[in-house]
Number of protein chains: 2
Amino acid sequence: MRRPRLAPDGAAAGASGAPSRATIHDIAREAGVSTATVSRVFNQPEKVSARTRDRVEAVIARHHYVSDALARGLASRRSRTLGLVIPTIMNSIYASSTQAIQQAAQEVGYTVLIGISEFSADEEALLIHRLLERRVQGLILTGRERRPDLYEKIRHNRTPFVITWRQSREAALPSISFDNYRAAQAAVAHLIALGHRRIGLICGRSDVNDRALDRRRAFEDSLQAAGLTPDPSLIFERSFEFVDGRAAMHTMLARPERPTAVFCANDIQAIGAMYECQEAGVAVPRDMSIVGFDDLPIARYVTPQLTTIRVPAGEMGARAARALIDAIEAGEEVAPCALVTDLVVRGTTAPPARA
Amino acid sequence: MRRPRLAPDGAAAGASGAPSRATIHDIAREAGVSTATVSRVFNQPEKVSARTRDRVEAVIARHHYVSDALARGLASRRSRTLGLVIPTIMNSIYASSTQAIQQAAQEVGYTVLIGISEFSADEEALLIHRLLERRVQGLILTGRERRPDLYEKIRHNRTPFVITWRQSREAALPSISFDNYRAAQAAVAHLIALGHRRIGLICGRSDVNDRALDRRRAFEDSLQAAGLTPDPSLIFERSFEFVDGRAAMHTMLARPERPTAVFCANDIQAIGAMYECQEAGVAVPRDMSIVGFDDLPIARYVTPQLTTIRVPAGEMGARAARALIDAIEAGEEVAPCALVTDLVVRGTTAPPARA
DNA sequence: AAGCATCTTGCAAACGATTACACAAATCTG
DNA sequence: CAGATTTGTGTAATCGTTTGCAAGATGCTT
């Protein structure tokens with residue numbers, strides 16, 4: 001033994017300085033059994049006689065023994081861990097899918113390691129690397145735009161994964177998600193059906209966020225399909241924040257020909273836009289219709305209540321986690337699944353006022 | 001070798017079925033060096049000659065080799081990992097401290113493992129156990145009310161920790177936080193100074209949340225000290241949600257003698273209360289003063305802007321992480337530190353209307 | 001009482017890294 | 001150019017578990 005941790009006589013750490021953390025050997029020795037038996041007390045208690053089990057458990061409790069998940073994972077080649085990468089924690093919509101994922105994982109004894117990428121691709125690549133190092137048994141990713149060698153790395157490391165929040169219609173990658181394009185289509189179609197002809201868009205940055213891109217494309221395509229021309233001066237790409245929605249609406253209201261309706265690709269922006277209208281004395285929905293996206297709880301609490309797209313964040317998270325775990329245990333890839341979004345018509349949309 | 005992973009001749013896994021994930025041995029063999037050298041390429045690259053390093057790095061890249069953090073942590077007895085336990089991810093105030101903690105940790109090469117307790121003590125105990133199993137080198141906890149044997153377990157496992165969000169004035173445990181009691185005192189003092197005599201409280205559940213308890217106590221004590229008697233029918237303990245604030249205000253407005261001011265121990269509740277006033281035609285601040293707590297971004301965006309207590313969530317998180325890491329590397333306990341909160345007077349408070 | 005399952009338990013080899021220590025080769029000194 | 005450093009690399013023990021196999025103990029049949 002080159003770096004002895006215990007006294008030379010091999011006795012348990014006694015009064016000689018700070019006792020090291022107890023290991024399975026310490027427990028085994030003190031209970032008078034082998035380490036195999038201690039291990040079985042944890043993993044297959046039914047295989048250990050009640051007498052022995054009690055004895056071992058007493059020693060465990062006495063020492064506040066906490067087994068080493070690193071050694072356990074190494075020896076068993078099972079970490080019972082999932083990796084999750086989300087762009088931010090500050091938006092409650094990601095918070096609710098995260099919550100659901102954790103819960104679903106926990107129910108079957110898995111732990112979730114959360115990585116926050118702050119919308120940076122480099123950061124995300126680093127996080128994925130770190131999660132693979134930790135030998136997560138599966139990965140839950142957000143969105144789809146990433147360098148192909150990242151997927152290659154994940155596959156090389158034999159780690160199943162599932163993509164959430166963005167189901168592309170040409171789905172080549174396993175995803176449990178909904179169709180952002182179609183969801184946004186429904187919102188815009190609603191406004192067009194009400195009779196709006198001049199419609200603005202407040203949206204996320206489509207260059208860093210592929211969900212924002214889907215929503216923007218759906219907006220433009222829907223207008224085109226209805227014979228309307230999207231006016232670039234009524235399209236605002238900003239962060240998904242209250243202030244950004246408010247500022248964008250401020251600019252729109254100052255336009256000589258203001259829109260009669262605005263589609264916001266996010267509820268927070270929509271509520272910011274509503275505030276700006278209220279401040280400016282523009283009545284919602286009489287003078288301005290607003291549609292949001294996400295159906296956050298707060299959408300029901302503002303006056304008037306916000307018309308929006310309900311996205312099944314919690315259900316999506318729970319399903320993704322369960323599907324991933326099934327895939328892990330079956331040794332297969334995740335079977336894709338598309339969830340449906342609903343348009344929830346509330347109080348912020350109405351036909352345009354007769355000019 | 002009992003469970004051989006490679007062909008009997010010890011050759012690299014060839015065309016025989018699915019190749020296993022590459023290990024440091026595979027890399028070493030293929031680069032014609034020892035595993036020690038491969039390890040050094042990662043950990044002390046300056047000790048490896050440029051020629052060898054290039055050769056090894058090429059093999060690493062070719063195989064998409066990802067080293068095993070479990071084995072690494074086991075061998076080196078350093079996981080470079082911090083554990084964080086928060087009650088919920090759904091409240092943006094915890095989100096911002098979490099964000100700050102992650103960032104501070106990442107700057108010095110640490111990773112943060114996040115556990116969400118959902119305000120359950122049992123869940124929290126389990127999470128702490130799991131984090132200790134993963135051999136986190138330090139723990140960041142939220143609040144203070146927990147069974148003493150939990151702290152004993154943490155200490156037994158030689159893991160330094162720091163408590164955030166709740167600094168008790170009798171601080172026996174290392175905390176980096178602010179004084180909830182004093183912060184709430186400032187809010188109530190402000191209302192009293194304005195001339196309010198009949199003041200309501202909307203607060204979190206003080207039985208499950210010790211921050212809520214501090215704030216409630218400060219409220220009651222401050223009234224007493226000013227010669228006022230707290231009216232139990234004007235004290236509401238609810239969840240920290242919009243609806244709860246709104247409902248509580250609804251009940252208060254229905255009282256024959258309604259309060260002229262309300263202190264909400266949380267901005268979300270405060271904004272819910274404001275909405276209810278608006279709905280009921282009660283002018284804020286003329287007929288009702290409202291003070292919040294947290295200074296969420298949204299506090300500035302509502303009309304009128306919310307008077308509230310600013311808590312330094314981000315700063316607190318960053319400091320806690322840094323102090324914890326310092327303590328880890330020095331092998332000491334965390335030195336406690338108290339941050340200051342400010343009362344931010346905005347538009348929702350004014351002297352009571354002359355009756 | 002012998003034969004045979006069934007329970008319990010222990011032995012010891014992995015798992016995939018890190019890192020003292022040793023030692024050979026390259027470089028520097030005077 | 002011999003001796004002293006420095007530099008680069010390899011050997012092998014170790015970290016704390018799990019788990020296949022073997023073997024002893026126990027109980028049940030005849």
Side-chain angles (χ1 to χ4, degrees), chain A residues 1-6 10 13 20-56 60 63 65-80 132-135 137 157-158, chain B residues 1-6 10 13 20-56 60 63 65-80 132-135 137 157-158:
Chain A
M1 211 190 283
R2 286 224 188 136
R3 284 171 275 157
R5 281 186 39 242
L6 302 177
S20 217
R21 180 156 34 200
T23 73
I24 200 172
H25 289 102
D26 302 327
I27 304 299
R29 181 165 8 83
E30 195 159 328
V33 299
S34 71
T35 63
T37 300
V38 178
S39 175
R40 282 188 205 104
V41 167
F42 282 111
N43 303 311
Q44 320 169 62
E46 74 285 356
K47 293 199 150 191
V48 178
S49 73
R51 256 176 58 81
T52 316
R53 208 190 312 140
D54 290 349
R55 199 149 31 93
V56 172
I60 287 171
H63 284 273
Y65 169 69
V66 174
S67 82
D68 187 324
L70 275 47
R72 213 163 56 209
L74 181 60
S76 70
R77 262 150 303 179
R78 255 176 286 111
S79 62
R80 291 192 83 74
L132 290 175
E133 284 188 330
R134 277 173 200 286
R135 297 301 185 244
Q137 295 185 254
N157 280 275
R158 336 220 135 271
Chain B
M1 209 188 288
R2 287 220 184 143
R3 282 172 276 154
R5 281 185 38 238
L6 302 177
S20 217
R21 181 156 34 200
T23 73
I24 201 172
H25 290 100
D26 303 327
I27 304 298
R29 183 165 8 83
E30 195 160 326
V33 297
S34 72
T35 63
T37 299
V38 178
S39 176
R40 281 189 208 105
V41 167
F42 282 111
N43 302 311
Q44 320 169 60
E46 73 285 356
K47 293 199 153 190
V48 178
S49 73
R51 256 174 60 81
T52 315
R53 205 190 312 138
D54 289 350
R55 196 148 35 96
V56 172
I60 287 170
H63 283 272
Y65 169 68
V66 174
S67 84
D68 188 323
L70 275 49
R72 215 164 54 210
L74 181 59
S76 70
R77 265 151 299 181
R78 255 176 284 113
S79 62
R80 291 192 82 75
L132 290 175
E133 284 189 329
R134 275 172 202 287
R135 297 300 184 246
Q137 295 184 252
N157 279 275
R158 335 220 132 275

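Naming convention: chains lettered A, B, ... in sequence-line order (proteins, then strands); numbering from 1 in each chain.
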Can you tell me the distance, in whole Å, between the [atom1] atom of [X] and the [atom2] atom of [N]?
X	N	atom1	atom2	result
B:F42	C:dA17	CZ	P	9 Å
B:R72	D:dT17	CZ	P	19 Å
B:H25	C:dG16	NE2	C1'	7 Å
A:R135	D:dT17	CZ	C1'	17 Å
A:Q44	D:dT18	CD	C1'	9 Å
B:D26	C:dA17	CG	P	9 Å
A:D68	D:dG16	CG	C1'	6 Å
A:I24	C:dC15	CD1	C1'	15 Å

By side chain to side chain donor-acceptor pair (under 3.5 Å), which residues pair with [X], not counting sequence neighbours?
X	value
B:H63	B:E30
B:D54	none
A:S49	A:T52

Quick one: side chains of residues 67-74 of chain B, donor-acceptor pairs under 3.5 Å with protein atoms, not counting sequence neighbours, listed by atom name and distance.
{"unit_1": "B:S67", "atom_1": "OG", "unit_2": "B:R72", "atom_2": "NH1", "d": "2.4"}
{"unit_1": "B:D68", "atom_1": "OD1", "unit_2": "B:L70", "atom_2": "N", "d": "2.7"}
{"unit_1": "B:D68", "atom_1": "OD1", "unit_2": "B:A71", "atom_2": "N", "d": "3.1"}
{"unit_1": "B:D68", "atom_1": "OD2", "unit_2": "A:R135", "atom_2": "NE", "d": "3.4"}
{"unit_1": "B:R72", "atom_1": "NH1", "unit_2": "A:E133", "atom_2": "OE2", "d": "3.2"}
{"unit_1": "B:R72", "atom_1": "NH2", "unit_2": "A:E133", "atom_2": "OE1", "d": "3.2"}

Tabulate atom names and distances for all N/O pairs under 3.5 angstrom spanning the protein and nucleotides 7-10 of chain D.
{"unit_1": "D:dT9", "atom_1": "OP1", "unit_2": "B:S49", "atom_2": "OG", "d": "3.2"}
{"unit_1": "D:dT9", "atom_1": "OP1", "unit_2": "B:T52", "atom_2": "OG1", "d": "2.3"}
{"unit_1": "D:dT9", "atom_1": "OP2", "unit_2": "B:S49", "atom_2": "N", "d": "3.0"}
{"unit_1": "D:dT9", "atom_1": "OP2", "unit_2": "B:S49", "atom_2": "OG", "d": "3.4"}
{"unit_1": "D:dT9", "atom_1": "OP2", "unit_2": "B:T52", "atom_2": "OG1", "d": "3.3"}
{"unit_1": "D:dG10", "atom_1": "OP2", "unit_2": "B:S34", "atom_2": "N", "d": "2.8"}
{"unit_1": "D:dG10", "atom_1": "OP2", "unit_2": "B:S34", "atom_2": "OG", "d": "3.1"}
{"unit_1": "D:dG10", "atom_1": "OP2", "unit_2": "B:T37", "atom_2": "OG1", "d": "2.7"}
{"unit_1": "D:dG10", "atom_1": "N7", "unit_2": "B:R40", "atom_2": "NH2", "d": "3.4"}
{"unit_1": "D:dG10", "atom_1": "O6", "unit_2": "B:R40", "atom_2": "NH2", "d": "2.6"}

Between B:N43 and C:dT19, is there a side-chain N or O to OP1/OP2 distance below 4.0 Å?
no

Is there a side-chain contact between B:Y65 and the phosphate of C:dA17, meaning an N or O under 4.0 Å from OP1 or OP2?
yes

Quick one: bend of the helix from C:dA1-D:dT30 to C:dG30-D:dC1 from 5 pairs per end, to 10°?
30°

Closest heavy-atom pair, B:T35 versus B:I24, reported as atoms and distance to 0.1 Å, is O-CD1, 3.7 Å

Nearest non-hydrogen partners of B:T23 and B:Y65, listed with the distance:
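Closest pair (atom of B:T23, atom of B:Y65, distance): C-CE1, 3.7 Å.
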
Ignoring hydrogens and geometry, is there a side-chain-to-backbone donor-acceptor pair from B:Q137 to B:S79 under 3.5 Å?
yes

Treating A:R40 as the side-chain partner and A:P45 as the backbone partner, does any N or O pair qualify as donor plus acceptor under 3.5 Å?
no

Candidates C:dC15, C:dT19, C:dG16 - which lies nearest the side chain of B:L74
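Nearest to the side chain of B:L74 among the choices is C:dG16.
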
A:R77 has a side chain; which of D:dT17, D:dC15, C:dC15 sits nearest to it?
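Nearest to the side chain of A:R77 among the choices is C:dC15.
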
Looking at every strand, decide which applies to A:S76 at a 4.0 Å heavy-atom threshold: base, sugar-phosphate, or nothing.
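Touches sugar-phosphate only.
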
For B:R78, answer base if it contacts any base atom (sugar-phosphate contacts may also be present), sugar-phosphate if it contacts only those atoms, and nothing otherwise; contact means non-hydrogen atoms under 4.0 Å.
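Result for B:R78 = sugar-phosphate.
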
Report the C-alpha distance between B:D26 and B:R21 in whole Å, list the side-chain angles of each, state the deciding distance to 0.1 Å, and finish with yes or no for side-chain contact (heavy atoms from CB on, under 4.5 Å).
CA-CA 9 Å; B:D26 303 327; B:R21 181 156 34 200; over 6 Å; no

